[in-house]
Amino acid sequence: MDKKEIARTLEEIGTLLELKGENPFKTRAYHNAARTLEGLSDDLGLLVKEERLTEIPGVGVALAEKITELFKTGKLKYLENLKKEFPPGLPGLLCIPGLGPKKVKILFDRMEIHSLGELEYACKENRLLDLKGFGAKTQENILKGIEYTRKHQGSFRFDQAYETAEWILKAVQKMPGVLRASVGGSLRRRKEIIHDIDIVASARSGVEKIMDRFTRLSGVEEVLAKGETKSSLRIATGIQVDFRVVSDAEYPAALLYFTGNKEHNTAMRGLAKTQGLKLNEYGLFRGEKRIPLKSEEEIFEALGLAYIPPEIREAEGEIEWARKGKIPDLIEEKDIQGVFHAHSTYSDGTATIETMASAAQKLGFKYLGLSDHSQSAAYAGGLSPAKLKKQWAEIDELNRSLKGIKILKGIESDILADGSLDYPDEILKRFDFVIASIHSRFQMNEEAMTRRLIKALENPYTTMLGHKTGRLILGREGYALNVDKIIETAAKRKKIIEINASPHRLDMDWRYLKKARDKGVKFSINPDAHSPEGLKDTFYGVGIARKGWLIPADVINTMPLSQIESFLAKESPLS
DNA sequence: GCCGTTTTCGGCCCGACTGTTTTCAGTCG
């Protein structure tokens, strides 16, 4: 088992122990260790071999033994026994907002409810009302939660699907006879939620054998369909993979067809028709004769279009722009010069400032905008003024000794209920930048929440607005707010809006980026990193920025260090 | 479960909200 799988397993143990009603500090120890492990940059195999696991903070003798057993055997007796105590569906109930371990346990102990279906039925029968601690409101909220969970079944976050798609694609590319292969569909368009994985390949011959190999890939749970050119299967994580094999001459058109959204494809076919051509998944045809084209680029060219990057094939005007040759040069990962929004062990990050800085440097960044949590965020170890002073001294020291990377002093300040920031002005003015974010009091109505955010944006010390809606993809709806007013205020006050690059957030949503940009808003692509590994999430943010048609000039962290420093100084209320 | 030490146990983050209760338990971040 690798680091990630072990982290997931520890997470599972923590959850089961919560259901069991174990000491909350014990369950937290498992969750903490899982998080630390996931962000661990050391070679786990080496730590196991040298019996140095207990050097990892939060890992003691007991956890070290379990991690070792998992690493060596892929199994854990302790977990297997634990699992026997509960029906398999029970932990799934914890996905419902408002249902925690205590309530789930009551539902199971008193009513033997251990699946969504049973729970829904019991709610509809009003049977939850008799349970201690439950009432009409709870029942109503559970029903709403079930509906939400149902709506998103068969959905996966981009990063989950991407990881799976990458290894399947690699396996396909290695199969004998395969000439070209690519991921298609919504994954290639970098959508934040994915329903299935599309893989398109071309082959010279031996398609039958390729299909055989495909359906026998490791991790396949069920073969849903297997034909001469198309197969579908479901893999263990639950995601469906559709695989299409065509001839190499057909490949460009097939890839095009399996990438664009439906409306984009319809529009492309319509355009071809106006030119006396026919476009389908097998090629571009004049009459019955296929026009020989080697790539997607050549198809666009043959239709008189500039190349349209996959991310924007969403039927949002891109074909019109391509006809005019005006498709912008979208931002790329290599354009990013540095990143803001990173946490360290000062608050809830897993690594020291120094470790984070050298990890950032290894990724090619020239600056790291450190932003731990502010004092109100007790749940995340928010920084008291005294702790801040210590942190600033440490950063000054590191900036003297580190070469090639500069650490910028920032904070992720909670936006309090009344819209004010979390420190007095004399502290706020000492930061290089301030990210203002909401972490509590989500339930305000739209008007109050909008007012709260506007007040935060009007604060002269605010540099940028963090994760604008607080949504968690497939986990929680964002809070109610008036997007237009927020965009307007940000533009007027020259405040940056964060594109939170965590694959759990991807907030602000790409659908609003173009609009905000046109109003004059600038953005920052922020990894919201809680570990060195987390810095790489910048990749997901770039994808979302591309979906929003952004170019490097729209994104402040494409500026080199000297420029960003004078930019931050200029935006500061002190200047 | 971990951790630290005034070390082998006791503390571990805590405040706010919601929906239940009638003084508080559970959930959340």
Subject >> First encountered from the 5' end of DNA chain B, between A/A62 and A/L99 >> reply: A/A62
Original post:
Closest nucleotide of DNA chain B for A/P101 versus for A/V61: which of these residues is on the 5' side?
Top reply: A/V61
I want to check one thing: is the phosphate of [N], taken as OP1 and OP2, less than 4.0 Å away from some side-chain N or O of [X]?
X      : N      : value
A/R28  : B/dG1  : no
A/K66  : B/dG1  : yes
A/N141 : B/dG19 : yes
A/S440 : B/dC17 : no
A/Y479 : B/dC28 : no

In whole Å, what is the span from the [atom1] atom of [X] to the [atom2] atom of [N]?
X      : N      : atom1 : atom2 : answer
A/R35  : B/dG29 : CZ    : C1'   : 12 Å
A/I96  : B/dG19 : CD1   : P     : 16 Å
A/D414 : B/dC14 : CG    : C1'   : 13 Å
A/E55  : B/dC2  : CD    : P     : 15 Å
A/N23  : B/dC13 : CG    : P     : 12 Å
A/E65  : B/dG1  : CD    : P     : 9 Å
A/L416 : B/dG15 : CG    : P     : 15 Å

Original post:
Taking any strand in view, what nucleotide pairs with B/dG29 in a Watson-Crick or G-U wobble way, both distances under 3.5 Å?
Top reply: B/dC14
Salt bridge flag under 4.0 Å for residues [X] and [Y]:
X      : Y      : answer
A/R157 : A/D159 : yes
A/E50  : A/R52  : yes
A/E458 : A/R493 : yes

**OP:** With heavy atoms under 4.0 Å as the rule, sort A/Y30 into base, sugar-phosphate or nothing.
**Re:**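 Sugar-phosphate, no base atom in range.
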**OP:** Pick base, sugar-phosphate or nothing for A/A136, based on heavy-atom distances below 4.0 Å to the nucleic acid.
**Re:** sugar-phosphate
**OP:** Could you work out which one of B/dG19, B/dG1, B/dG26 sits closest to the side chain of A/K102?
**Re:**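 The answer is B/dG26.
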Original post:
Does NZ or CZ of A/K66 lie under 6.0 Å from the centre of the six-membered ring of A/Y78, at an angle within 45° of the ring axis?
Top reply: yes
Original post:
Which value, in whole Å, describes the distance between the C1' atoms of nucleotides B/dC12 and B/dC17?
Top reply: 23 Å
Subject >> Test ring-ring contact (aromatic ring centres under 6.0 Å, His included) applied to A/F340 and A/F433, step by step >> reply: CA-CA 9 Å; A/F340 295 97; A/F433 68 96; 4.8 Å; yes
